[in-house]
Amino acid sequence: MPIRILSLPVKDLQYVINSMDVIDSISFSLCSKRTKNLVKASNRKIDFLRYPRRGTLHIFAQVRENFIRFNISTPESHYFNVFDSCIEFAQGKFWRKPEFTIGDWVSHILSIFNKSMVDDLVICDDCPIFFVDNVKQVFRKCEELRIRGNCSRQLTNSTFFKLAPISEQVNIGSNIFEDENDISKFMSLNLKTLIFDDFENPFRLTAGDLMSLNIEEVLMGTGNISERELNRFLKLWMKSNHRFDRKKLITQHSRVKYKEDQIFKGIKFEIVHEYYLLKREDGKELRAVLDYGFQIEFL
Amino acid sequence: MSSTEQGTSSAAPAEPTTAPESAAAPEVPESFYYVHGKDKVVHKVSAGALQHSALIHGMISNLGYTEEQAKANPFPFENIDGDILQMVVDWCNQHKGKPTPPEDTNLPKQKEKLFDLVLAVNYLEIKELLTYCCKQVAMMVKGKSPEEIREIWMIPTDAEDEAAEKEAKKRAGKEAAGETAAAAGDAK
C-alpha cells in the first residue's frame with residue numbers, strides 16, 4: 001500500500017530528503033513543483049575538504065557529442081546524463097520530461113542544489129564545434145572551464161574565445177599557440193585565472209606576452225620562458241609605469257633551474273627572506289621566487 | 001481499562017547477578033513509568049528507556065511523579081496505535097543506556113507501519129529512532145524513476161496540486177462569505 005509522503009510533518013520530510021542519495025533526490029524533485037521546492041529547501045550541504053568551495057555539492061558537467069554528463073560529488077560520485085528531453089540515470093534507466101530541453105535540465109539541477117553555476121564545465125574532444133554556442137546559452141556561467149588536451153585545435157580555440165568570458169578560471173590542456181595563434185590575445189583577456197597544462201608542448205612566452213597580461217593569476221604547469229625573456233620583461237616592468245593589479249604569474253617546470261644572475265642581470269634587487277624584491281621609482285614592487293620554475297607577484 | 005505490563009523482562013538484565021559487586025555499590029532501584037496508546041493497553045517502561053523520548057522525559061521532569069502516581073496515571077498517547085507504541089517501547093528498551101548503532105535493522109518493513117512509526121516517533125521526539133525511520137522511508141525509493149516515486153509516495157501531479165489549491169480557495173471564499181452573512185444577520 002502506498003503512503004502519502006507529503007502528509008508527513010515538514011521536519012520529518014526534510015529528514016527523509018536528506019537521507020536520500022543525490023540521484024534519488026533528483027528523481028524526487030522531478031515529481032512535481034512541490035517536490036522540487038522541497039528538495040531545494042533541504043539545502044543539502046557537505047563538508048568536503050578536497051574542494052575549495054566547502055559546504056556545497058560539487059557539480060561537474062562534461063559536454064560530450066550529444067549529451068551532457070553531470071557528476072555530482074558529495075563526496076561520493078553520482079553521475080547521470082541529460083540529452084533532449086531525457087535524463088539517463090545509472091543502470092541505463094531513462095526518464096523523459098517532454099517539455100524539457102537541455103537548458104531546462106541544467107537550470108533544474110542548479111536550482112534544486114541552490115547553485116548559481118556549475119563548478120567544472122569540461123569540454124571533451126567529441127563535443128561538436130557548433131554546440132559550443134549552445135553551451136554558452138545553457139550554462140551562462142561556470143567556476144572553471146576545462147578544455148581537455150585531446151580536443152582539436154579548432155575546438156580549443158573556439159571554446160576558449162566563446163566560453164572564457166563566462167568562466168572564472170580557464171584550464172587549457174593543449175598548446176594551440178605554436179604557429180598562427182598569438183598567445184598575447186589570451187593573456188589580455190579579463191580572466192581571474194588561466195591555467196596552461198600541456199606537458200608535451202610547453203607554452204612558449206615572450207616578454208611582450210607577459211607585458212600584455214591582464215589576467216589576475218596565470219598558472220603554467222609547463223611554461224617555457226627563457227631567462228633572457230624574463231630578464232627583458234623585468235627590465236621593461238622596471239622602466240615602465242605599467243600597473244598590474246593583484247597579478248600573479250607562476251610557472252613550474254622541473255627540467256631547468258633558473259639562474260639568478262641571468263634573470264636579474266642589470267636589475268637592482270633586494271633579497272628579503274627567500275624572495276627577490278624589485279622596487280620601481282613610482283613605488284610599485286614585484287616579488288619573485290626562483291627555483292625549478294618561478295613565481296612573480298606584483299604587489 | 002485492560003492492563004498488560006510489559007518491558008519488565010528487558011529491565012531484568014540490569015539487576016545485579018553477583019553479590020560482591022552489589023555490596024560494593026548499593027543498587028539504586030529503577031523507577032518505572034506507564035504509557036498507553038489508542039488501544040488503552042498499558043506498557044511499563046523504565047525511566048532509563050524513556051530517556052530517549054524528549055517529550056516523555058520532559059513530562060516526567062515537570063510532573064515529578066512518584067512510582068505509585070505514575071502507575072495510577074499512565075501517560076496517554078491517544079493518537080498512537082497500540083502496536084506502534086509497542087514498537088517504540090521495545091526500541092527504547094533495547095537501546096536503554098546504550099550508544100545507538102549507525103544502522104538499525106529491526107524497523108518494520110511494511111510501508112504503512114513505518115509511516116505511522118515516523119509520525120509517532122516525531123510526536124514523542126525520539127531523535128535517533130526518527131533518523132533510522134527516515135532513512136528507511138528514503139530507501140523505499142532507492143533507484144526509482146520519478147513516475148515510480150510518485151506512485152509509491154502518492155505524490156500529486158502539478159495539475160492535481162493546482163486543482164486542490166483552487167478548491168481550497170473556493171472553499172475558503174465560501175466560508176468567509178458565510179461568516180459575513182452570519183455576522184450581518186446577527187447585527188440585524
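Annotation: maximal heavy-atom pairing with chain A below 4.5 Å, among B:Pro156, B:Gly143, B:Ser145, B:Cys134, occurs at B:Cys134. Taking chain A as the reference chain and counting heavy-atom pairs below 4.5 Å, the highest number among B:Lys144, B:Arg150, B:Glu160 is found for B:Arg150.
Scanning all heavy atoms of the two residues, the minimum distance from B:Val141 to A:Met20 falls at CG2-CE, 4.2 Å. Of all the heavy atoms in A:Cys31 and B:Pro146, the pair that sits closest is SG-O, 3.3 Å. Across every non-hydrogen atom of B:Phe115 and A:Arg4, the tightest pair is CZ-O, 3.0 Å.
Checked by atom type and distance alone, the side chain of B:Lys142 never pairs as donor or acceptor with a backbone atom of A:Asp21 at under 3.5 Å. With hydrogens and angles disregarded, a donor-acceptor distance shorter than 3.5 Å links the side chain of B:Asp158 to the backbone of A:Lys33.
In A:Arg140, the CZ atom is not crowded: 12 or fewer heavy atoms of neighbouring residues, nucleotides or ligands sit closer than 6.0 Å. A 6.0 Å sphere centred on CD of B:Glu78 holds more than 12 heavy atoms belonging to other residues, nucleotides or ligands. By the 6.0 Å contact criterion, CZ on A:Phe83 is enclosed, its count of non-hydrogen atoms from other residues, nucleotides or ligands being greater than 12. For CE of B:Met139, the number of neighbouring non-hydrogen atoms (other residues, nucleotides, ligands) closer than 6.0 Å is 12 at most.
The distance from atom CD1 of B:Ile152 to atom CZ of A:Phe28, rounded to the nearest 0.5 Å, is 12.0 Å. Taking OH of A:Tyr15 as the start and CG of B:Asn122 as the end, the distance is 9.0 Å to the nearest 0.5 Å. Rounding to the nearest 0.5 Å gives a distance of 6.5 Å between CD1 of B:Ile155 and OG of A:Ser32. To the nearest 0.5 Å, atoms CG (A:Asp24) and CD1 (B:Ile149) are separated by 6.0 Å. Once rounded to the nearest 0.5 Å, the distance linking CZ of A:Arg96 with CD of B:Glu147 reads 13.5 Å.
With a 4.5 Å cut-off on side-chain heavy atoms, A:Ser7 and B:Leu119 do not count as touching.
Interface residue A:Leu30: backbone and side-chain heavy atoms are both found under 4.5 Å from chain B.
Using a 4.0 Å cut-off between charged side-chain N and carboxylate O, B:Glu148 and A:Lys93 make a salt bridge.
If you run side-chain contact (heavy atoms from CB on, under 4.5 Å) between B:Val137 and each of A:Asp12, A:Leu13, A:Val16, only A:Val16 comes through.
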